[in-house]
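Report on the following structure.
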Amino acid sequence: MSLLEIRGLTVAYPGKHGDVLAVDGVDFSIGKGEFVGLAGESGCGKTTMAMAIPNLLPRNARITAGSVVFDGADLTTMDEDGLRTVRWNEISVVFQGALNALNPVHTVGSQILEPIRVHDRGTSEAEARSRMEELLEAVGIPAGRAGDFPHQFSGGMRQRVMIAMALACRPQLVIADEPITALDVMTQAQILDLLRSLCDRYGLSMLLISHDLSVLAQTCDRVAVMYAGRIVETGPAGRVFGSDEHHGGARHPYTQRLLRAYPNIRRERVFIEGIPGYPPDLTQPQSGCRFRARCDLAIDKCAEEPTLVDVGGDHRAACWRLDQAVTS
Amino acid sequence: MPPLLRRILVLLVSLFAIVTFNFFLFHVIPGDPIRLIARTQKLAPDQVEKLRQSFGLDGSLIEQYFRYLSNLLHGDLGYSFSLKEPVSDVIGRALLNTLILLTVSTIIVVVVGIMIGVFAGSRHGKKADSATVVTSLIFWSLPTFWVGMLLVFTFGVWIGGLPISGITTPNAVYHSGIDYVMDVARHLILPTITLAIVDIAFFIIITRTSLVDVMGEDYMLTARGKGLTRRTMVWKHGFRNALLPVLTASVLYISALVAGAIQVEVVFSWPGMGLLTYNSVLARDYPVLEACFLVTAIVVLAANFGADLVYRRLDPRVAVNT
Ligand SMILES: Nc1ncnc2c1ncn2[C@@H]1O[C@H](COP(=O)(O)OP(=O)(O)O)[C@@H](O)[C@H]1O
Ligand SMILES: [Mg+2]
């Protein structure tokens, strides 16, 4: 049994011309101790899906269908009191745009202490403090800086504080939403290594979101690729990214395009190939494969809804042209 | 230089500028007050000269200025010719009465304004919020003078029961200190309501708007994600940040508060700085008027300074950067 089981999740935002389905019938799961990556162009619904898990969606969002079963309980039907005990205690988040995710008027130490005091009532003041200092040290910040305010830290340091904070209550799942996007390349690599090692050390599960596949390729056990509110391909990172020699790599034309679209974080690629066309407008009703308008391989059949098909070894893709896509 | 020392230095320089400006305002612009008195009272030339001396208006302007500074340092503000009393005594009493009125109403305005402002701001977009905003806007647009007259009419003529004039009941005999305080408190009610009603509306709007902005910040999502209760979220994370713009706006509002106090004092015959200023204008009592201007300017300056100190304590970013 997985730690997290998302089934048929659909999240709608009200739009000018009817609902925008930012997440449209998604199935997704994360196992205990698993490090899962979620990729896709910006606006495809990654943040919406992630925030739907601990039910931290914006006020105008509605979960219209599906379930989010975490540790045996469905979070979509849980009341606010119940959710409060799950949030941070079981599922913590390193938020997108994390440079402002720390409160400017409180010291970083007190912000890390806060969830410990709220969720671990039995912890003594001294214990809580020593745990906070230990966490700071674990992310590479001297414990002596606990009394400093967020503006006294660089972007990378603030992100480290966020990570320390996310681990404060020893959650089972950490959701990291584009945790490195705002940072420079050197810092990005450090933060990724840090996330990976901390998760291994504490035995946490992690959902790492990025629009950059190369980031996920190095860190994740498993990845999922999202396009226009749906998951179009998912599988073990080694298979999807083709680092396992015998398994061909990405099967969905969109994933293949994405892989060519980004430079590798370590070996800078010379040619960066964009994906022709625009991401689909989610406000318009969609049918069939949503990528077909931008896809070189599209045929008439693509107007029908493709489903995720197993291509071997828990690697699945939703495409009618899987036979063609292999060689393209 | 330590920031606090620099700020105090700036304060002293501003103070000096105000004193100087005030001096020249009264000694250059309104012509010769002595001639005015002489004309109305038909005085002989030697008497005029003596009068001129007693008001410190003899000698060159520069001489007068330095004498004025020296007198000021000795707490000598001159002599009121309408009240036949040293100006410092007159000002001392009036200032105390005004401070009582302003302190009581400011506390009420801040506490009530912030409570209601946070109530509305944390319910952004709901009915309770829009109702509060509309009501506040209506109250904010009420002229202070008019509200005062309305209350005077209601409680003086119509219902009765609350004193509408002065700070104590004339010819009252008090059996104890408590009696006296209660009498003053009863006299405070209507002026305070008048002054507070408009200012509370201002505070509600500013607090509410500021909180609504803050609630959309990334760190508020963090607070929610941490599993905090709404109360902790709103007060510990939201309000603490929303307070900063409120404080900035309040500083700008200090002068409006002083203007409001003058109107209220006139309407309710509250013997404070406002009423004193008003009466001195009518009596052309320049020494008193000059002192009133000076004291009012100093009070506003001091309030600004105080607000600035509070701001520095509340916002760690400002505290470190300067
Ligand atoms: N609060 C919101 N109100 C309305 N639409 C939203 C809101 N948040 C996101 N959306 C829309 O939902 C879609 C998915 O957004 P998001 O989940 O943020 O994508 P991603 O994280 O992949 O960039 C986008 O089309 C976006 O415009
Ligand atoms: Mg996003």
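Below, each value reflects all heavy atoms present in this structure, side chains not excepted, and no hydrogens, waters or symmetry copies. Proteins come first, then strands; the chains are lettered A, B, ... in the order of their sequence lines, and each starts at number 1.
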Segment of Pro104(A) engaging chain B (4.5 angstrom heavy-atom cut-off): both
Ionic contact status for Arg230(B) with Glu80(A), cut-off 4.0 Å: no
Distance in Å, Met51(A) CE paired with Arg224(B) CZ, rounded so as to fall on 0.5 Å steps: 10.0 Å
Neighbour count >12 (heavy atoms, 6.0 Å) for atom OH, Tyr202(A): yes
Pairs of heavy atoms under 4.5 Å with chain B: top-ranked of His106(A), Glu114(A), Met165(A): Glu114(A)
Tyr13(A) OH: over 12 foreign heavy atoms closer than 6.0 Å: yes
Gly225(B) to Phe95(A) - nearest heavy-atom pair and separation: CA-CZ, 4.4 Å
Distance (rounded to the nearest 0.5 Å) between Lys226(B) NZ and His119(A) NE2: 9.0 Å
Contacting moiety of Leu314(B), where chain A heavy atoms sit under 4.5 Å: backbone
Under 4.5 Å from any heavy atom of chain A - which part of Thr232(B): side chain
Interchain contact, Asn55(A) with chain B, by part (heavy-atom threshold 4.5 Å): backbone
Enclosure of Arg129(A) CZ (heavy-atom neighbours >12, cutoff 6.0 Å): no
Interchain contact, Val93(A) with chain B, by part (heavy-atom threshold 4.5 Å): neither
Minimum-distance pair of heavy atoms, taken over all atoms of Gly227(B) and Arg84(A): O-CD, 3.1 Å
Interface residue of largest heavy-atom contact number with chain A, from His237(B), Met220(B), Glu217(B), Arg240(B), under 4.5 Å: His237(B)
Test side chain to side chain donor-acceptor pair (under 3.5 Å) applied to Asn103(A) and Asp218(B), Thr222(B), Asn241(B), the passing residue: Asn241(B)
Residue Leu57(A) versus chain B: region with a heavy atom under 4.5 Å: backbone
